[in-house]
Amino acid sequence: MQGRRERGLQGRVSLVTGAAIGNGRAFCERLAEEGSRIVIADIADASDTAEAVRRLGAEVLTIRADLTKPDDVATMMETIRAQWGGVDILVHNVGLYEEEPFELLSFEQWKRMLEITLNSLFLTVKAVLPSMKERGFGRIIALSSDTVWLGMPYLVHYVTAKMGIIGFVRSLAAEVGRYGITVNAITVGLTATQRPDAAPLSQTILQHILPTQAVHRADEPEDIANVVAFLALPESGIITGQTINVDGGVARH
Ligand SMILES: NC(=O)c1ccc[n+]([C@@H]2O[C@H](COP(=O)([O-])OP(=O)(O)OC[C@H]3O[C@@H](n4cnc5c(N)ncnc54)[C@H](O)[C@@H]3O)[C@@H](O)[C@H]2O)c1
């Protein structure tokens, strides 16, 4: 008999950071489809994402926070604790994309990139980890970029920060596996997130990279969301400390 598929994340709480737009919204929708309650944390207004999640019938909590600020992260966690007790799944999706030739790159730009990419990861993981330990279950999934494998120009600060994510997941995974917590990264290829501010240089890179891919199309946010959902499922509990590359098979020369 064909019944309705059991949803693998029923009753879980997923925190998706940087989910006002782009990939993060697709992650929220996909995790909601798996039955999870969704917390959206973003420095920007995320009401459109919240509405999209509600339309799927999922419960949603929206928190406005600058995740590079310890006080904002602490307040976010208190709100989640009060509402739903804790976090089962963290998708660290906050990011900043910026192209700058190294010779023009300022120390301020460098520090801001590390702050948004890595300080926010440190603070958010510190905040959610105790509740994951209490639950004996946790999934930490961090968004990196396939540019870390490609040696792209004008991205020294971005690639350095995104490579830091890979070191973070490998090392933390070894500490927290015993508590049922997995920690993985996804290196994302060019994604059709249709950002309104897409830089002209990005269009150039798009034309440069697509022909080098085995699959000649940009990632869709839903492609990445499927991998996020896979890693979040209880059945994926043996996969940890890994980085999954999702980029249409870019040839590396
Ligand atoms: N789009 C791509 O082509 C692509 C490629 C490789 C990797 N990625 C990675 O995937 C992730 C999502 O990509 P995207 O294109 O959807 O990103 P995006 O830039 O469209 O969205 C990032 C989100 O993070 C939020 N944010 C930024 N700083 C914040 C802060 N301090 N506190 C809280 N929220 C903050 C922004 O408001 C925004 O909603 C990023 O980590 C990005 O680096 C994207």
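Owing to the predicted nature of the structure, the values given are computational and were not obtained by experimental measurement. Order of appearance sets the numbers: ligands from 1, and atoms from 1 within every ligand.
Closest heavy-atom contact between Val73 and Ala127: CG1-CB, 3.7 Å.
Backbone and side-chain nitrogen or oxygen atoms of Asp66 are examined, and one is located within less than 3.5 angstrom of a nitrogen or oxygen of ligand 1. Checking only distances, Ala41 never comes within under 3.5 Å of ligand 1, N or O to N or O. Geometrically, ligand 1 and Asp146 share no nitrogen or oxygen pair separated by less than 3.5 Å. For ligand 1, the polar-atom distance check finds an N/O of Thr191 within less than 3.5 Å of one of the ligand's N/O atoms. Between Val188 and ligand 1, no N or O atom pair is found at a separation short of 3.5 Å.
Nearest residue to atom 41 (O) of ligand 1 from Glu98, His92, Lys162 is Lys162 (criterion: closest heavy atom). For atom 12 (C) of ligand 1, the choice among Asp247, Ile43, Asn93, Leu67 with the nearest heavy atom turns out to be Asn93.
In this structure, Glu115 contributes its side chain and Met113 its backbone to no donor-acceptor pair below 3.5 Å. Checking side-chain atoms of Ser106 against main-chain N and O of Gln109 turns up a donor-acceptor pair under 3.5 Å. For the pair Arg37 (side chain) and Val60 (backbone), a donor-acceptor distance under 3.5 Å is absent. A donor-acceptor contact shorter than 3.5 Å is absent between the side chain of Asp247 and the backbone of Asp146. Looking only at distances, a side-chain donor or acceptor of Ser131 sits under 3.5 Å from a matching main-chain atom of Val87.
Close to ligand 1: Ile21, with a non-hydrogen atom less than 4.0 angstrom away. In this structure, Ser144 has a heavy atom closer than 4.0 Å to ligand 1. Within the structure, the closest approach of Ala65 to ligand 1 falls below 4.0 Å when heavy atoms are considered. Assignment of Ala218 to the shell around ligand 1 is not supported, since no heavy atom sits closer than 4.0 Å. Not a single heavy atom of Arg25 sits under 4.0 Å from any atom of ligand 1.
By the neighbour-count criterion of 12 heavy atoms within 6.0 Å, atom CZ of Arg64 is densely surrounded, having more than that number from other residues, nucleotides or ligands.
Neither the backbone nor the side chain of Phe27 has a heavy atom within less than 4.0 Å of ligand 1.
Ligand-side atoms of ligand 1 in range of Ser145: 6 (C), 7 (C), range being under 4.0 angstrom from any heavy atom. Of all atoms in ligand 1, numbered sequentially from 1 with element shown, those under 4.0 Å from a heavy atom of Ala20 are 39 (O). Atoms of ligand 1 lying under 4.0 Å from any heavy atom of Thr68, numbered from 1 in the order shown and given with element: 31 (N). Within ligand 1, counting atoms from 1 as listed, the ones closer than 4.0 Å to a heavy atom of Ala44 are 37 (O). Atom numbering of ligand 1 starts at 1 in the shown order; those under 4.0 Å from a heavy atom of Gly22 are 16 (O).
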With salt bridge (Lys or Arg N to Asp or Glu O under 4.0 Å) as the test, would you mind laying out the steps for Asp88 and Arg135 before giving the verdict? CA-CA 8 Å; Asp88 298 288; Arg135 290 161 183 241; 2.8 Å; yes
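In the model, Asn93 has no side-chain atom that pairs as donor or acceptor with a side-chain atom of Thr17 under 3.5 Å. Side chains of Thr240 and Thr182: a donor-acceptor N/O pair is absent below 3.5 angstrom, by distance only.
Shown here are the salt bridge (charged side-chain N to carboxylate O under 4.0 Å, His left out) partners of Glu59, two or more places apart in sequence or in another chain: there are none.
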